[in-house]
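See structure below.
Predicted model, so just to flag it, every value in this text is computed and none were measured. Just so you know, residue 1 is the first one in the sequence shown, and it goes up from there. We use all heavy atoms of the structure for the numbers below, so side chains are in, but hydrogens, waters and symmetry mates are not.
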Amino acid sequence: MENYLEINRNSWNAKVETHLKSDFYFVDEFLKGRTSLNSIELELLGDIKDKKILHLQCHFGQDSISLSRLGAQVTGIDLSDTAITAAEELAQKCGTNTQFICTDLYNLPNVLHEQFDIVFTSYGTIGWLPDLDRWAKVISHFLKPEGKFIMAEFHPVVWMFDDDFEGVKYNYFNEKAIVETYEGTYADQSAEIVQEYVMWNHSLAEVLQSLINNGIDIHQFKEYDWSPYPCFRHVEEFEKGKWRISKFGNKIPLVFAVEAQKKSS
């Protein structure tokens, strides 16, 4: 899929306006100070005051701005130029000094020349990337020695199922590109958006081994039987802010999280 970047950029550009207006992203409450970060990632991040953080695949910047509000110096990057423009406007409204760069993740070392205390990525990111070894190389490149990598992501078991969770449709392993057309968006399934996209499934072994192979030691690995987002079909909120797929209950993992550290040399 040589043109996957163009296809996915167009797909994400088409989502931004709808996402800004959706209850899913609660922009009005966010402007008043509500954080977009969840307990999963906050526990792994710890105290980030005065830390330099690189936020990969930041969409229109809510998490980046939330990190800034906690006292960090944050740079967010994303493929979508429409999202980055929205992120810059949102940061200005929020009064934070959050920086944003529009670029493909793999190209980031060509346009950004700094190192960071923390590299952060969260929820629905790695599926847009064909090669996790290259992804881990980018993370390692930007981390200071002994810098931390923090990741919260949807569990690959979820991506095996069809959209209605009636059966296994996709390979757990990274077999090939998945090219499909989707109506609506996870933030508003009734939205009048029809977009083609290209994605890849990545097993847990692929995620963790790519980090290990690039000098990043895994310190914590966690799995959760709930999602902080109602972004799948047929979900129920069993506790405030915690959703599960109704028919599965707590039987399958929905999210995993990683705390890792770049080796000192």
Those residues at least two apart in sequence (or on a different chain) that pass ring-ring contact (aromatic ring centres under 6.0 Å, His included) with His19 are Tyr25, His59, Tyr186
Taking all non-hydrogen atoms of both residues, which atom of Pro145 and which atom of Gln115 are closest, and how far apart? CD-OE1, 4.3 Å
For Glu17, salt bridge (charged side-chain N to carboxylate O under 4.0 Å, His left out) partners two or more places apart: Lys21
Within the 3.5 Å criterion, strictly below it, is a donor on Asp133 or Ser210 matched to an acceptor on the partner's side chain? no
When you measure from the side chain of Asp162 to the backbone N and O of Gly167, does any donor-acceptor pair fall under 3.5 Å? yes
Just list the side-chain donor-acceptor pairs under 3.5 Å for residues 87-97, sequence neighbours left out, or say none.
unit_1	atom_1	unit_2	atom_2	d
Thr96	OG1	Thr98	OG1	2.8
Asn97	OD1	Gln99	NE2	3.1

Can you tell me how the ring of Trp159 sits relative to the ring of Phe154, calling it parallel under 30°, perpendicular over 60° and tilted otherwise? perpendicular
List in chain and number order the residues that pass salt bridge (charged side-chain N to carboxylate O under 4.0 Å, His left out) with Glu29, two or more places apart in sequence or in another chain; answer none if no residue qualifies. Arg34
Applying ring-ring contact (aromatic ring centres under 6.0 Å, His included), can you list everything that pairs with Trp243, at least two apart in sequence or on another chain? none
For Glu206 versus Asn201, what's the shortest heavy-atom pair and its separation? OE1-O, 4.1 Å
Backbone N/O of Asn10 and side chain of Glu6: donor-acceptor pair under 3.5 Å: no
Phe116: which residues meet the ring-ring contact (aromatic ring centres under 6.0 Å, His included) condition with it, sequence neighbours left out? none
Using side-chain contact (heavy atoms from CB on, under 4.5 Å) as the criterion, list what pairs up with Leu105, not counting sequence neighbours. Leu56, Gln57, Ile77, Leu129, Trp135, Val138
Arg244 side chain vs Asp225 backbone, donor-acceptor pair below 3.5 Å: yes
Residues at least two apart in sequence or cross-chain that pass side-chain contact (heavy atoms from CB on, under 4.5 Å) with Asp104, listed by chain then number, are Leu5, Leu79, Tyr106, Asn107
Does Lys15 have any salt bridge (charged side-chain N to carboxylate O under 4.0 Å, His left out) partners at least two apart in sequence or in another chain, and if so, which? none
Which residues satisfy the ring-ring contact (aromatic ring centres under 6.0 Å, His included) test with Tyr172, sequence neighbours excluded? none
Answer yes or no: does atom CD of Glu180 have more than 12 heavy-atom neighbours from other residues, nucleotides or ligands under 6.0 Å? yes
Any donor-acceptor pair under 3.5 Å from Glu223 side chain to Phe256 backbone: no
Of all heavy-atom pairs between Phe26 and Ser36, which one has the smallest distance, and what is that distance? CZ-CA, 4.0 Å
Closer than 3.5 angstrom, by distance alone: can the side chain of Asp47 be matched with the main-chain N or O of Lys49 as a donor-acceptor pair? yes
Ser227 and Leu254 have their tightest heavy-atom pair at N-CD1, 3.8 Å
Flag, side chain of Lys262 to backbone of Ser140, donor-acceptor distance under 3.5 Å: yes
Minimum-distance pair of heavy atoms, taken over all atoms of Ile193 and Ala14: CD1-O, 3.6 Å
Is it the case that the side chains of Thr125 and Glu153 hold a donor-acceptor pair, with the cut-off being a distance below 3.5 Å and no angle test? yes
Ring pair (Phe, Tyr, Trp, His ring centres under 6.0 Å) partner of His55, chosen from Phe149, Phe142, Phe120: Phe120
Pick one: which of Tyr224, Tyr229, Phe24, Trp128 meets ring pair (Phe, Tyr, Trp, His ring centres under 6.0 Å) with Tyr123? Tyr229
To the nearest 0.5 angstrom, please state how far the CG atom of Leu143 sits from the CD1 atom of Ile216. 5.5 Å
Check whether any side-chain N or O of His202 sits under 3.5 Å from a backbone N or O of Ile126 as a donor-acceptor pair, and report yes or no. yes
Exam field: side chain Asn171 to backbone Phe173, donor-acceptor pair closer than 3.5 Å: yes
Are side-chain heavy atoms of Ile84 and Cys58 found at a separation under 4.5 Å? yes
Under a plain distance cut-off of 3.5 Å, with no hydrogens placed, do Gln195 and Tyr182 share a side-chain donor-acceptor pair? no
Please determine if Arg233 forms a cation-pi arrangement with Phe161, meaning its NZ or CZ atom is less than 6.0 Å from the six-membered ring centre and no more than 45° off the ring axis. no
pair Thr75-Ile101: side-chain heavy atoms closer than 4.5 Å: yes
To the nearest 0.5 angstrom, please state how far the CG atom of Asn250 sits from the CD1 atom of Ile245. 12.0 Å
Using a 4.5 Å cut-off on heavy atoms from C-beta on, say whether the side chain of Leu45 contacts that of Lys51. no
All heavy atoms of Ile150 vs all of Glu259, minimum pair found to be CD1-CG, 3.6 Å
Pairs satisfying ring-ring contact (aromatic ring centres under 6.0 Å, His included), at least one member in residues 66-104, at least two apart: none
Salt bridge (charged side-chain N to carboxylate O under 4.0 Å, His left out) partners of Lys144, counting only residues at least two apart: Asp117
If you count the non-hydrogen atoms of other residues, nucleotides and ligands that lie under 6.0 Å from CD in Glu183, is the total more than 12? no
Taking the side chain as everything from C-beta on, heavy atoms only, tell me whether Leu44 gets closer than 4.5 Å to Met151. no
